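The structure presented is a predicted model; accordingly, all values stated were derived computationally and were not measured. Chain letters run A, B, ... following the sequence lines, proteins first and then strands; every chain starts at 1.
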Amino acid sequence: MPSKLLDDLNPAQRSAVEHINGPLLILAGAGSGKTRVLTYRIGYLLEQRMVRPYEILAVTFTNKAANEMKRRVEGLLQFPIDGMWIGTFHSVCARILRIEGAHLGYDSNFTIYDQDDQVRQIQQVMEGLNINQSILKPRQAHYAISDSKNKMLGPEQYERRAGTLVERQIAKIYWEYETALRRNNAFDFDDLLIKPLDLFTKEPAILEKYQSKFKYILVDEYQDTNKAHYYLVRQLSAKHRNICVVGDEDQSIYRWRGADIENILSFEKDYPDCEVVRLEQNYRSTQVILSAANSVVSNNQKRLGKNLWSRKTGGEKIRVIGASDEGGEGLEVVNVIRSEMAKNRLSYNDIALLYRTNAQSRALEDKLRRANIPYVIVGGTRFYERKEIKDVLAYLRVIVNPRDAVALRRIVNYPARGIGMTTQQKLEQYAAEQQTGLYQALLEVLEIKDLSSGIKDKIHSFVSTLETIRKELKTASAFEVAAGVVKTFALKNPYELSTLPDDEARLENINELLNSIASFTEARGAAGGEFPGEATLEKYLEDVSLLTDVDRWDPGFSAVTLMTLHSAKGLEFPVVIICGMEQGLFPLSRTFGNPDDLEEERRLFYVGMTRAKDSLYLVWARQRRRFSGNDYGASFINTSSKFLEEIPEEYKNEEIYDNFGSQYRKSRQQRIRFEESPRDVSAYASEMLDHPEYKIGDWVIHDEFGRGQILGVERGSAGTRLSVFFKSKGLKKLIAEYANLRVVE
DNA sequence: CAGACAAGGCTTTTT
DNA sequence: GCCTTGTCTG
């Protein structure tokens, strides 16, 4: 039976969709309709009634991608697809662990620890082991443990390899940390991927069960899989061998998280009988942007190679803009946004501002705010990692999983209820003596001897309140429980009386959290709803811990989007502005020594460029405040990124606005063309207040000290501080406001 | 035991 | 330079 679905596809896409049995590798260039192929393939399998929904497993890296795929498959078919497993690697694994966790000694109400929780647990372990935390920092230990888990090295393998004293200490911490997680009925992020594999080894029957169930497996973004992902996919597909992976080696950008580009490069070796389909027609960008991106990425050695082409022939040239410093960069960005909006009748959400590091957003925000341009920042300090949110979530976690000692420690004396450090230590000691958990110690508080009866009362009342709410779990909705907790423990109180803007924002965040729990309850809880019986608090907490900031981002909201290049993967915008195109920042200087790292930076640039549909801007700043070594907050003079040179002249126009005073300066680099700046006058006037006329390298005359050269400029709350070297007096630190300096040419 | 102030750390990217 | 954590004082 021929399917109408095939009519919407180009020949390459169609051959990928029509391939039914056996391994399939789809090399999908940026914007080549990858999601389309995946969804149509699922739709085709289901429509032809060859496969049942519950026989399909589709995995992605972000919830956004998973939800999008689900939505689009449903749009293609006339029948529901309940029972299909479609989700992120982490959520699929969490689901398996909820079902099978008992075989590993876990209860199904386990908690998932994020990085903050993990570090806190490690701190706790280090205290117990009496390891000096100023010599070995908990973050360091965490990094080593997480890195080991990503490489699938357990504590015993780590211990065996440990050579140095520090490594042997980390091995001890690793052991204790694992014990603590088990005691807390908690998995960390890395465990979610590894523990199912442990389970499969331990209980082959369970592996067999899932192998039989999933007749067709589809994997998105295969280029970003690490060792654990790789084995998961390989093991689950071993029986039916209907494994379809989609990826683009040029977009592999998670090496630092253990992703191994070799997984996709050697797929053909793993499955010699696999079919390979290349999707090279791009439906997103203009030919100019594509050709430029192709030229850049062709400098990489490690790639399978492909050449993207587009029907959108021609297109505007890429504009490369040089600014004087990060403030000037922000102003140029404002100008670009205004002119694009006026010229092409765009809305704010058609424009994305991308950068290498989150720290760059601050300077850009500042200028956008002054220019009254609405913006949203995706990433940075994540919503669910904010203090006030984690406080509320900690209560919910303890109610769902009382063994979660990390959460319990957080709330036991917050808000303050007179259970101070000394009391907590006594409780911990009791728990250790009785071989039990902290929560159990609270329950048994009346048995503990050296506590005053006043303290005992406080603890008893606290734990009884928790117990009462816990009993409501079975009958009340997630929202009712959460709202009850916030009210009972007065979690809004510390912020309600304050008029500080920060506190008002915190209050709003708590309200937003409650709203999100309410909509979760509505979406899932209603009888006959999409997920009947899944509106539990437990499920909510799992969802929340696996959410990313991109998942929370609303592309329809009318605001310019600011995010890192990593976060932008998989998205597209009519206008893309990439900031901080400087040697040392992008590519980062720490990648200079390592060709593999440098290639990854280049791929990241490729990802950024190919997000743009119509216009691409690349902006850099000659001077930028950066953190380097122990010289924090110092300004550095930069040259433009080497990546810019990899774009052939025919695809770009270069301009420079390297000016702060009344006159423009020509760049010493001749290849950069000098033009008059269309600078925004009001924003420029406010810049002047910060004494922008003083630049490193300028010569000045001081009434008393004579002629000197500026070696440093610091702009602080006390005003602008200048370091000036005078021939007569040597180095002097001066406050610009009082020094009465004259700049000389 | 809580609030105010100082010191120290940090910034590459995140499920 | 800014934010988080630790220490001191009331």
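- None of A:Gln121, A:Met126, A:Gln124 except one satisfies the side-chain contact (heavy atoms from CB on, under 4.5 Å) rule with A:Tyr177; the exception is A:Gln121.
- If you check B:dT14, B:dT12, B:dG9 against the side chain of A:Glu601, the one that comes closest is B:dT12.
- Relative to the side chain of A:Lys137, the nucleotides B:dC1, B:dC10, B:dT14 differ in distance, and B:dC10 lies closest.
- One interatomic measurement links the two molecules: CD1 of A:Ile578 to C1' of B:dT13, which rounds to 15 Å at whole-angstrom precision.
- Residue A:Asn358 places at least one side-chain N or O closer than 4.0 Å to OP1 or OP2 of B:dT13.
- The side-chain tip of A:Lys387 points at the ring of A:Tyr414 from less than 6.0 angstrom away and within 45° of straight on.
- As judged by a 4.0 angstrom heavy-atom cut-off over every strand, A:Gly379 is placed among residues making no nucleic acid contact.
- For A:Asn226, no side-chain nitrogen or oxygen approaches OP1 or OP2 of B:dT15 to under 4.0 Å.
- Rounded to whole angstrom, the span from the CD atom of A:Glu582 across to the C1' atom of B:dT12 amounts to 15 Å.
- Counting non-hydrogen atoms under 4.0 angstrom, A:Asn413 reaches the backbone sugars and phosphates but no base.
- Of all nucleotides listed (B:dT15, B:dA2, B:dT13), B:dA2 comes nearest to the side chain of A:Ala416.
- Residue contacts for A:Phe61: at a heavy-atom cut-off of 4.0 Å it reaches the sugar-phosphate backbone alone, with no base atom in range.
- Comparing atom distances between the A:Thr357 side chain and each of B:dT12, B:dC10, C:dC2 picks out B:dT12 as nearest.
- Taking atom OH of residue A:Tyr143 and atom P of nucleotide B:dC10, one finds them 14 Å apart after rounding to whole Å.
- The side-chain tip of A:Arg602 does not point at the ring of A:Phe643 from less than 6.0 angstrom away and within 45° of straight on.
- Looking at heavy-atom distances under 4.0 Å, A:Asp190 makes no contact with the nucleic acid at all.
- Note on A:Thr591: every side-chain N or O is 4.0 Å or more away from OP1 and OP2 of B:dT12.
- Just one residue in the list A:Leu393, A:Asp404, A:Leu546, A:Thr111 forms a side-chain contact (heavy atoms from CB on, under 4.5 Å) with A:Leu541, and that residue is A:Leu393.
- Counting only heavy atoms from C-beta outward, the side chains of A:Glu329 and A:Arg624 approach each other to under 4.5 Å.
- Taking 4.5 Å as the limit, every side-chain heavy atom of A:Lys302 sits out of range of all side-chain heavy atoms of A:Asn300.
- Put simply, CD1 on A:Ile253 is 13 Å from P on B:dT13, counting in whole angstrom units.
- The base of B:dT13 sits with one of its N or O atoms less than 3.5 Å from a complementary donor or acceptor on the side chain of A:Trp256.
- The nucleotide whose nearest atom lies closest to any side-chain atom of A:Thr548 is, among B:dT12, B:dT11, B:dT15, B:dT15.
- Residue A:Arg590 places its side chain closer to B:dT11 than to any other of B:dT14, B:dT13, B:dT11.
- Ring-to-base geometry does not place A:Tyr254 in a stacked arrangement with B:dT14 (centre distance under 5.5 Å, plane angle under 30° required).
- Atoms CD (A:Gln123) and C1' (C:dG6) sit 12 Å apart, rounded to a whole Å.
- Rounded to whole angstrom, the span from the CG atom of A:Asp147 across to the C1' atom of B:dT14 amounts to 14 Å.
- Taking atom C1' on both nucleotides, B:dT12 is separated from C:dT5 by 23 Å, rounded to a whole Å.
- Look at A:Arg362 and you'll find a side-chain N or O under 4.0 angstrom from OP1 or OP2 of C:dC3.
- For the pair A:Trp553 CH2 and B:dT14 P, the computed distance is 15 Å after rounding to whole Å.
- What separates NE2 of A:His566 from P of B:dT12 is a distance of 12 Å, to the nearest Å.
- Salt bridge A:Arg257/A:Glu600: absent, no basic N to carboxylate O contact under 4.0 Å.
- Using a 4.0 Å heavy-atom distance criterion, A:Ile419 is classed as a sugar-phosphate-only contact.
- When the nucleotides B:dT14, C:dC3, B:dC1 are ranked by their closest atom to the side chain of A:Gln115, B:dT14 comes out on top.
- Closest-nucleotide positions on DNA chain B for A:Ile455 and A:Asp549 were compared, and the one nearer the 5' end corresponds to A:Ile455.
- Across all strands shown, A:Leu546 has no heavy atoms under 4.0 Å from either base or sugar-phosphate atoms.
- A:Ser567 comes within contact range of the sugar-phosphate backbone alone, with a heavy-atom separation under 4.0 Å but no base atom that close.
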